[in-house]
Amino acid sequence: MNKFKYTTIIFLAALIAGIIPAKTGSAQQRQNNMREHGEMQTMVEDVHSYSNPQMIKVSHVDLDWNVLFDNKMLRGTATLSFERAANAENAPLILDTRDLTIEKAETSADGKRFTPTRFAIGAKDAILGSPLTIELPAKARSVRIHYSTSPNASGLQWLTPEQTAGKKSPFMFSQAQAIHARSFIPLQDSPQVRITYSARVRTPKNLLAVMSAEGNSRTAARNGDYRFNMTRPIPPYLIAIAAGDLRFKRLGKRTGVYSEPSMIEKSAFELADTEKMVEATERLYGAYRWGRYDILVLPPSFPFGGMENPMLTFATPTILAGDKSLVSLVAHELAHSWSGNLVTNATWRDFWLNEGFTTYLERRIIEAVYGVPRREMEATLGRRSLEEELSDMDDRDQILHVELKGRDPDEGFTGVPYEKGALFLRHLEESVGREKFDGFVRNYFDSHAFQSITTETFVEYLNKNLPASNPKVSRADIDEWIYKAGLPGNAPQPRSDAFRKVEIQAQNWIDEKITAAAIHPENWTTQEWLHFLGSLPRNVGTRRMSELDDAFRLTTRGNSEIAFQWLLMAIRNNYEPAYPRLEEFLTTIGRRKFVKPLFDELAKTPNGKARANEIYKKARPGYHPITVATVDEILKWNVSQT
Ligand code: BES
Ligand code: ZN
């Protein structure tokens with residue numbers, strides 16, 4: 001221990017004295033090139049990473065993990081192979097970490113014999129975590145780090161058996177996007193650093209582990225020893241693991257679903273169109289390049305709707321509506337196999353390249369599989385929610401190429417990259433015609449496959465490849481869409497006949513021309529319900545809330561999206577009969593998209609705030625660290641209250 005401390009101090013002193021060059025993050029470094037696989041890859045400044053990939057670039061990570069449920073930790077090794085730029089012989093390797101316990105670091109020149117080396121962990125930044133600086137001998141080509149994660153790792157959630165559907169086995173899963181991979185792997189946690197990975201994972205014997213990679217989970221004996229291999233270079237935020245009592249069910253020739261045993265039939269029914277969606281996307285944008293496409297349906301504390309982990313989308317169980325009405329989420333995560341996983345945002349400023357393209361593709365998949373009317377309904381809902389959000393949003397957050405310096409990328413994410421991004425692409429499609437635009441998008445994916453690119457690179461490619469002669473896609477037009485706040489005047493306006501009928505009914509009911517009983521929504525889809533509820537004013541009053549509830553039994557709806565809209569209205573109108581359902585919803589579902597607006601709304605009044613605190617006390621132990629951070633902020637909870 002003493003010796004370890006001593007060498008660390010010497011090493012730190014050397015760093016400070018400038019004997020070992022540290023990353024300066026200076027402007028000259030921004031466009032530094034390095035030779036790699038025979039081609040030049042430009043590294044840009046990433047304000048969310050401490051790493052120095054312009055000098056040393058990690059290319060492969062080999063993981064060896066024990067999944068320790070009793071300690072709520074992953075423990076083992078990460079072996080990183082890297083390439084060094086010609087001028088970086090003396091540079092140390094700088095990795096991103098958060099709350100990791102590093103036991104030992106070793107280096108190797110041949111990947112076989114490893115010898116210990118010095119390392120130092122820098123001060124912890126609340127957003128970025130701590131840099132881990134590892135000293136490298138000139139010949140070193142790989143480093144092995146022995147470490148364990150914290151029970152509070154921001155990128156992992158550990159569920160007790162009671163928190164699962166089956167109640168018998170524990171469950172764990174990761175969520176690395178945007179900058180949480182560093183809380184379970186020491187690595188260069190920047191989306192421009194593409195890596196392949198391999199893993200050996202040991203779990204308790206009766207459990208199954210799955211990862212975002214090729215593996216033996218579908219067929220393996222449940223012996224608690226699993227192996228994985230991701231052979232295509234991916235950004236670190238796509239590394240993912242889950243372990244629990246999981247079953248697999250086949251959906252199509254290369255598609256399937258994993259979930260807890262009690263959810264598997266329901267999941268397979270809901271997701272039955274998955275193979276069709278893959279085929280439809282291939283017809284539009286070229287071959288699916290990842291082999292299998294499986295979906296893991298997680299417990300309800302999963303903080304997102306879905307996460308596009310390659311080969312294995314992670315999904316919330318709140319999409320299991322029983323009628324396939326919420327499967328646009330699958331279309332979305334699948335679309336990321338082209339926009340996001342194949343062509344990746346180089347930094348989180350360029351996030352709209354991932355999500356705008358994906359939301360645009362999602363709607364194209366929905367159109368191909370379910371028809372134009374469904375696409376237009378979903379596009380209308382998207383545009384309306386964007387307009388509502390824009391109405392009270394800082395100008396700087398309304399820009400697609402958003403400035404995130406000094407900010408946590410988790411808090412910076414809004415509907416702008418998704419819906420404004422998708423409208424921009426639809427605008428381009430409508431301007432140049434679908435045929436030309438489809439060809440453009442397909443070539444864009446092919447020519448940037450397995451690369452991470454910036455907004456500037458995209459704009460350059462766009463200006464080169466879409467006719468500048470078209471006045472609607474002039475440089476000025478493109479600049480307005482990407483670099484300015486607000487929604488440009490030429491933003492496409494989706495149209496839905498079904499929605500117009502719903503609006504008329506809603507208006508007649510608001511004007512008290514008809515009663516709720518006269519509305520006849522028997523054949524309404526989920527989207528029409530959402531549009532109806534969204535068309536009502538913020539304040540309808542408790543009398544009219546009960547009228548709706550009596551007619552349509554909204555408080556007992558199982559569809560999560562409809563329930564969420566209704567509960568939001570219930571809070572705004574102080575509609576007491578829905579409060580038990582609100583409490584049930586918030587204590588059983590941890591999806592941030594639902595949880596955040598409900599707590600935001602409750603926090604607006606003193607009574608609501610008291611209720612929020614009471615509910616949160618019960619809900620918090622079951623929430624994921626990401627959702628906890630969000631709600632702690634809304635309700636001003638701090639560690640002393642927990
Ligand atoms: N990649 C995102 C989820 C994400 C974004 C996680 C940023 C962490 C940081 C995923 O593809 C996504 O957008 N999910 C949406 C659903 C989608 C249908 C809009 C979600 O989780 O709500
Ligand atoms: Zn997405």
Side-chain angles (χ1 to χ4, degrees), residues 1 4 61-80 95-106 119 121 124 128-132 134 143-164 168-177 179-187 189 197-213 217 223-228 236-237 239-246 296 298-299 301-303 309 314 590 620-629 639 642:
M1 190 65 196
F4 162 79
V61 177
D62 181 48
L63 301 162
D64 191 331
W65 280 338
N66 277 302
V67 183
L68 304 175
F69 282 98
D70 290 343
N71 308 299
K72 299 189 175 183
M73 62 166 65
L74 296 176
R75 182 157 191 266
T77 60
T79 307
L80 280 50
L95 302 176
D96 294 295
T97 72
R98 184 186 288 129
D99 302 332
L100 298 180
T101 303
I102 311 289
E103 288 148 29
K104 184 162 72 168
E106 303 164 299
F119 64 92
I121 300 168
K124 181 178 174 179
L128 303 180
S130 314
L132 166 62
I134 300 172
V143 46
R144 179 181 296 159
I145 300 155
H146 299 250
Y147 73 103
S148 54
T149 60
S150 158
N152 302 313
S154 62
L156 301 176
Q157 190 179 15
W158 299 87
L159 300 176
T160 62
E162 299 72 46
Q163 291 172 305
T164 66
K168 287 201 193 84
S169 307
F171 198 104
M172 66 81 61
F173 63 89
S174 67
Q175 165 57 44
Q177 199 182 15
I179 54 170
H180 300 286
R182 66 190 65 178
S183 76
F184 59 100
I185 310 171
L187 42 53
D189 196 5
Y197 80 87
S198 46
R200 177 172 188 184
V201 177
R202 270 161 283 209
T203 69
K205 271 203 170 51
N206 54 334
L207 301 189
L208 185 64
V210 290
M211 288 191 85
S212 55
S217 317
N223 59 3
D225 190 353
Y226 306 98
R227 281 163 207 273
F228 303 93
Y237 74 84
I239 300 177
I241 178 173
D245 183 11
L246 290 171
L296 169 66
L298 287 151
S301 66
F302 184 58
N309 298 130
F314 281 23
R620 194 176 186 275
Y623 283 174
H624 185 281
I626 291 177
T627 306
V628 167
V639 187
T642 64

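As a basis for the values below, the full set of heavy atoms in this structure was taken, side chains included, without hydrogen atoms, waters or symmetry mates.
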Engineer: Do the side chains of T101 and M73 get nearer than 4.5 Å, heavy atoms only?
Structural biologist: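 SC-SC contact between M73 and T101 ruled out.
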
Engineer: Rounded to the nearest 0.5 Å, what separation is found between the CZ atom of R202 and the CG atom of L68?
Structural biologist: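 The CG atom of L68 is 11.0 Å from CZ of R202, to the nearest 0.5 Å.
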
Engineer: To the closest 0.5 Å, what do you measure between CD (E162) and NZ (K168)?
Structural biologist: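 It is 12.5 Å, given to the nearest 0.5 Å.
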
Engineer: Quick check against the 3.5 Å criterion: does N223 have a side-chain atom that pairs as donor or acceptor with the backbone of D225?
Structural biologist: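 Present.
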
Engineer: Where do V143 and L95 land on the side chain to side chain contact (heavy atoms under 4.5 Å, CB included) test, with the steps shown first?
Structural biologist: CA-CA 11 Å; V143 46; L95 302 176; 5.5 Å; no

Engineer: Within the 4.5 Å heavy-atom criterion, are I239 and L187 side-chain neighbours or not?
Structural biologist: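 Yes - at least one pair of side-chain heavy atoms lies under 4.5 Å apart.
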
Engineer: Search all heavy atoms of A176 against all heavy atoms of P236 and return the closest pair with its distance.
Structural biologist: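 So the two residues come closest at CB-O, 4.4 Å.
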
Engineer: Using the side chain to side chain contact (heavy atoms under 4.5 Å, CB included) rule, take S169 and T164 through it: C-alpha gap first, then chi angles, then the decisive distance, then the call.
Structural biologist: CA-CA 8 Å; S169 307; T164 66; 6.0 Å; no

Engineer: Can you list the steps and then say if H180 with D189 is a side chain to side chain contact (heavy atoms under 4.5 Å, CB included)?
Structural biologist: CA-CA 8 Å; H180 300 286; D189 196 5; over 6 Å; no

Engineer: Answer yes or no: is there a side-chain heavy-atom contact under 4.5 Å between M172 and K72?
Structural biologist: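 In short, these two side chains do not touch, never coming nearer than 4.5 Å.
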
Engineer: Can you tell me if T627 uses its side chain to pair, donor with acceptor, with the backbone of P303 under 3.5 Å?
Structural biologist: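 Looks like no, no N/O pair under 3.5 Å.
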
Engineer: Considering only heavy atoms from C-beta outward, does the side chain of S212 approach that of Y197 to under 4.5 Å?
Structural biologist: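 Yes; the side chains approach each other to less than 4.5 Å.
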
Engineer: Side chains of Q163 and S301: any donor to acceptor distance under 3.5 Å?
Structural biologist: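 No donor-acceptor contact under 3.5 Å links the two side chains.
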
Engineer: Taking C-beta and beyond as the side chain, do L296 and L246 meet within less than 4.5 Å on heavy atoms?
Structural biologist: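 Yes, close enough: below the 4.5 Å cut-off.
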
Engineer: Search all heavy atoms of F119 against all heavy atoms of L132 and return the closest pair with its distance.
Structural biologist: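 Heavy-atom minimum between the residues: CD1-CD1, 3.7 Å.
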
Engineer: Can you confirm whether more than 12 heavy atoms, excluding those of R75, are under 6.0 Å from its CZ atom?
Structural biologist: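 Not buried by this count: 12 neighbours or fewer within 6.0 Å.
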
Engineer: Within the distance-only criterion (no hydrogens, no angle test), does the side chain of T97 pair as donor or acceptor with the backbone N or O of S130 below 3.5 angstrom?
Structural biologist: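 Answer holds: yes.
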
Engineer: Taking C-beta and beyond as the side chain, do L100 and T149 meet within less than 4.5 Å on heavy atoms?
Structural biologist: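 A side-chain contact under 4.5 Å exists here.
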
Engineer: How long is the span from the CZ atom in F302 to the CD atom in Q175, to the nearest 0.5 Å?
Structural biologist: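 Answer rounded to 0.5 Å: 5.0 Å.
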
Engineer: In Å, rounded to the nearest 0.5 Å, how long is the span from CZ of R227 to CG of L63?
Structural biologist: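 One gets 13.0 Å once the value is rounded to the nearest 0.5 Å.
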
Engineer: If we only count heavy atoms from C-beta on, is the D99 to N152 side-chain gap below 4.5 Å?
Structural biologist: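 D99 does not reach N152 side chain to side chain.
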
Engineer: What pairs with Y623 under side chain to side chain donor-acceptor pair (under 3.5 Å), at least two apart in sequence or on another chain?
Structural biologist: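 Expected list: none.
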
Engineer: Between A242 and F314, what is the shortest heavy-atom contact and its length?
Structural biologist: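 Result for this residue pair: CB-CZ, 4.2 Å.
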
Engineer: Taking all non-hydrogen atoms of both residues into account, name the closest pair between T77 and Y147 and its distance.
Structural biologist: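 Smallest heavy-atom distance, with atoms named: C-CE2, 3.9 Å.
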
Engineer: Once you measure the plane-to-plane angle for F171 and F173, does it fall in the parallel (<30°), tilted (30-60°) or perpendicular (>60°) bin?
Structural biologist: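 Judged by the thresholds at 30° and 60°, the geometry between F171 and F173 is perpendicular.
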
Engineer: Considering all heavy atoms of both residues, which atom of L128 and which atom of R182 are nearest to each other, and what is their separation?
Structural biologist: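 Minimum heavy-atom contact is O-NH1, 2.8 Å.
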
Engineer: Please evaluate residues I102 and I121 with respect to the criterion side chain to side chain contact (heavy atoms under 4.5 Å, CB included), reporting the C-alpha separation (whole Å), side-chain torsions for both, the decisive distance (0.1 Å), and the verdict.
Structural biologist: CA-CA 9 Å; I102 311 289; I121 300 168; 3.8 Å; yes

Engineer: Which heavy-atom pair separates A209 from F228 by the least distance, and what is that distance?
Structural biologist: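 Smallest interatomic distance, heavy atoms only, reads O-CZ, 3.5 Å.
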
Engineer: With S174 as reference, evaluate N309, I241, I185 under the side chain to side chain contact (heavy atoms under 4.5 Å, CB included) test and give the passing residue.
Structural biologist: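 Of all the options given, the one that passes is I241.
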
Engineer: NE2/H624 to OG/S154 distance, rounded to the nearest 0.5 angstrom?
Structural biologist: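 Interatomic distance, H624 NE2 to S154 OG, rounded to 0.5 Å: 8.0 Å.
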
Engineer: Whether R144 and D62 form a salt bridge (side-chain N of Lys/Arg under 4.0 Å from carboxylate O of Asp/Glu) is what I want to check.
Structural biologist: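 Salt bridge absent between D62 and R144.
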
Engineer: Is there a side-chain contact between I626 and Q157 (heavy atoms, below 4.5 Å)?
Structural biologist: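 No - every pair of side-chain heavy atoms lies 4.5 Å or more apart.
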
Engineer: Report the distance from atom OG1 of T203 to atom CH2 of W65, rounding to the nearest 0.5 Å.
Structural biologist: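 The CH2 atom of W65 is 13.5 Å from OG1 of T203, to the nearest 0.5 Å.
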
